[in-house]
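To start, the structure under review is shown below, and the notes come after it.
Model, not experiment: these values are computed from the prediction.
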Amino acid sequence: MATPPPDIIGTALLEAFAQRGYAATLPDPMTVSVELPNGSSVSADITEWRRHAGRSSRAALPGIAAQYADQAATAFQRHDGPARNDQILSENLRLRLYTDETLGDMRDALVTRRLAPGLLETVVVDHPDALMPLNRSDVGGTPENSVFGTALSLSLGKEPHYIETVAVQGVDVMHIGGTHRYVSSQVHALRRHVEPASVPYGALVAFPLPEYVLVHPIGGAHLFAAMEAVQDLSRRLFEAGDKAISTQVFWWRPGSYERLPEEEALNSGQVPDLRPVGIQVDHRAMSVAAQSADTSELIDLWARDHG
């Protein structure tokens, strides 16, 4: 069996932390975990930092690792002891979407909440070369709803996005996209893109990648064709992308969240109503099987008006 090549980038980072008095490990190649003086630990996604370091020469690695470790150490020191509102409610907070499986046992220690079955919204601190999930122990007396509200407002207001509608199997699907990993926050502002009053059946929504939200307002095409198109597109993007989230399609039902003024909604602690839906189509037998009770309800609502 061949010996795997040494991880010189990861080793340089661990050595940089050790030189600054921090014990660090790599639970996986794209994650660094650092033990803090108070006995707690923090983890950070270093995917982007690895890419940055990988474009540099081997001789430059110690300096690049030192810069990252210095930046992290400054953040640790800033949050050492009781957190202050001006520390937590900072310009670096963003909101990122993870699956239950991705966060695993870490979820209880992080500022995270349920968006929909299988999906968790997590507040992260966005640094130039890496992002670090925010620990609950770092928020001090700041209400978590306020932390989420700040992360949402900054993700929506500071991170650019674009909107493009493309035809998929004859079905119009809106792509809300960006070059960052916080596009899922746009689900909290869907009424900017889809007027709730114009979609009596709501919309189909999917989060295949951090850089994309797929939206199809229900009513512009046959429901079964629309569901099959969004399912297929979500699956293709999931399989082709990096840090993929989920292939699941959700039924967005505008309700109490969307009736609130946007700023109030972002800070309310509420989330949009998203329900997992899906169909299995047998084209040879010309049959459709609903894959959840919510799918059956959606089909019944749509069929009631479309015969």
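- Other residues, nucleotides and ligands contribute only 12 or fewer heavy atoms inside 6.0 Å of the CD atom of Q280.
- Counting heavy atoms from C-beta on, the side chains of F207 and L119 come closer than 4.5 Å.
- Checking side-chain atoms of T102 against main-chain N and O of Y98 turns up no donor-acceptor pair under 3.5 Å.
- Using a cutoff of 4.0 Å between basic side-chain nitrogens and carboxylate oxygens, D7 and R50 are scored as salt-bridged.
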| Worked verdict on I9 versus I46 for side-chain contact (heavy atoms from CB on, under 4.5 Å) | CA-CA 11 Å; I9 294 176; I46 57 172; over 6 Å; no

Return all side-chain donor-acceptor pairs below 3.5 angstrom for residues 184-194, not counting sequence neighbours, or 'none' if the list is empty.
from	atom 1	to	atom 2	distance (Å)
S185	OG	Y182	O	3.3
Q186	OE1	H193	NE2	3.1
Q186	NE2	H161	ND1	3.4
H188	ND1	Y257	OH	2.7
H188	NE2	E121	OE1	3.4
H188	NE2	E121	OE2	2.5
R191	NH1	E258	O	2.3
R191	NH1	L260	O	2.6
R191	NH2	L260	O	2.9
R192	NE	E262	OE1	3.1
R192	NE	E262	OE2	3.4
R192	NH2	E262	OE2	2.5

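- Between R114 and D100 there is a salt bridge, with a side-chain nitrogen of the basic residue lying less than 4.0 Å from a carboxylate oxygen of the acidic one.
- Test L120, V124, N135 against L110 for side-chain contact (heavy atoms from CB on, under 4.5 Å) and you get one pass: N135.
- Comment: R275 engages D294 in a salt bridge, judged by a side-chain N to carboxylate O separation of less than 4.0 angstrom.
- The neighbour count for E195 CD, taken as heavy atoms of other residues, nucleotides or ligands under 6.0 Å away, is above 12.
- Neither W251 nor V199 shares a network with the other; the hydrophobic side chains, linked directly or stepwise wherever heavy atoms of I, L, V, M, F, W or Y lie under 4.5 Å apart, form separate groups for each.
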| query | When you look at F17 and V34, which way does the side-chain contact (heavy atoms from CB on, under 4.5 Å) test go after all the steps? | reply | CA-CA 8 Å; F17 275 112; V34 184; 3.9 Å; yes

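- Note on R181 versus D242: salt bridge recorded, some NZ/NE/NH1/NH2 to OD/OE distance being below 4.0 Å.
- For the residue pair T295/S292, the side-chain donor-acceptor check at 3.5 Å is satisfied.
- Inter-residue side-chain proximity for Y68 and L13 is flagged as met; some heavy-atom pair is nearer than 4.5 Å.
- Put simply, F238 and F250 are part of two different groups of oily side chains (I, L, V, M, F, W, Y) that touch within less than 4.5 Å, one to the next.
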| Verdict with reasoning, I176 to V215, per side-chain contact (heavy atoms from CB on, under 4.5 Å) | CA-CA 8 Å; I176 306 175; V215 182; 4.2 Å; yes

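- K243 and E211 are not joined by a salt bridge, as no carboxylate oxygen comes within less than 4.0 angstrom of a charged side-chain nitrogen.
- Distance check: T165 OG1 to H216 NE2 gives 11.0 Å after rounding to the nearest 0.5 Å.
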